[in-house]
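Down below is the structure, laid out as structure tokens.
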Amino acid sequence: MSKTAEIKALMFGCGNMGQALMSGWRKAQNVSFTVVDPVKPEIGPDVKVLGSAEEVEGKFDLIIIAVKPQLIEMISKDAPDAMSSGRLVLSIAAGTSTDTLGRLLGDRPIVRMMPNMPASVSLGLSGLYANPACSEDDKALIEKLATENGKYIWLDEEDKIDRFTSVAGSGPGYVFEILRLFTMAAMEQGFSEEDARMLAIGTVLGTAKMAEESSKTLEDLRNSVTSKNGTTQAGLEQLMKDDQLKDLFSNTVSAAYNRAVELR
């Protein structure tokens, strides 16, 4: 395929995550999108949206699977011509292995993507795994899309998709809960809910940006804002008491991973 030729992508399903990804993907040069979703979400005038697979016409270069796993076999039967036209498959269907996708969709290059919701603000993280049939050009196309939503990492084992999920895929949920509790703690200090929310989010946002731009370890950064016998040290002594927070985070991520394995 010519690197300058338009790439036609057909996407099945476009729920919350699909729309978050599409917010960035539709900006990619030389890629056009057709979406099949019975809800017919409003994505933008540059994306063709169809209500059913029966309406699909023409051939496509890339097939994107963004439906629930149990629906994949159905759409492969409802739109066999369109489904078979795309040599490369990109799946964001959780818990569905490349082997399973291959059995349902045929032997072809398949990439699994595990994104997270900050993709909607172009600060997402995506874990990518490619089956052996994928070429470097196939990977380059997927990277082109992933870059529009943030950053990505290639995973050398498919099992790491579930490990990525437990950290970055589910991670926004953990962070939202931390922000909620941080906001409540600020309110207990007398701040209004609006001001407390701003303090919690602004502190986390600014601190994360410092960490991203610094070459120091996270431990060194923590120590750099911790004066001996000062206020930060007093707070950290409670936060780190008996390694309870460390164990809580470890157990949280492990629980998410174990659940992902159960859902395979």
I'd like to know if the side chain of [X] reaches the main chain of [Y], judged simply by a donor and an acceptor atom lying under 3.5 Å from each other, with no hydrogens or angles considered.
X	Y	value
Thr207	Val204	no
Asn131	Arg108	yes
Lys144	Gln29	yes
Thr203	Leu199	yes
Asp37	Cys14	yes
Ser214	Met210	no
Ser224	Leu221	yes
Gln19	Pro41	no
Asn149	Gly124	no
Gln233	Asn229	yes

Do other residues, nucleotides or ligands put more than 12 heavy atoms under 6.0 Å from [X] [atom1]?
X	atom1	value
Arg222	CZ	yes
Glu55	CD	yes
Glu54	CD	yes

Considering only heavy atoms from C-beta outward, does the side chain of Pro109 approach that of Ser135 to under 4.5 Å?
no

Can you tell if the side chain of Tyr152 reaches within under 4.5 Å of the side chain of Thr147, non-hydrogen atoms only?
yes

Tell me whether Lys139 is salt-bridged to Glu143, with the criterion being a basic N under 4.0 Å from an acidic carboxylate O.
no

Show every side-chain hydrogen bond (donor to acceptor under 3.5 Å, both in side chains) that has at least one partner inside residues 178-189, sequence neighbours left out.
Glu177-Arg180

Apart from Tyr129 itself, which Ile, Leu, Val, Met, Phe, Trp or Tyr residues share its cluster (side-chain heavy atoms under 4.5 Å, direct or through members)?
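Members alongside Tyr129: Met114, Leu125, Ile153, Leu155, Ile161, Phe164.
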
In this structure, which one of Leu101, Val111, Thr100 forms a side chain to side chain contact (heavy atoms under 4.5 Å, CB included) with Ser91?
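Between Ser91 and the candidates, side chain to side chain contact (heavy atoms under 4.5 Å, CB included) is satisfied uniquely by Leu101.
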
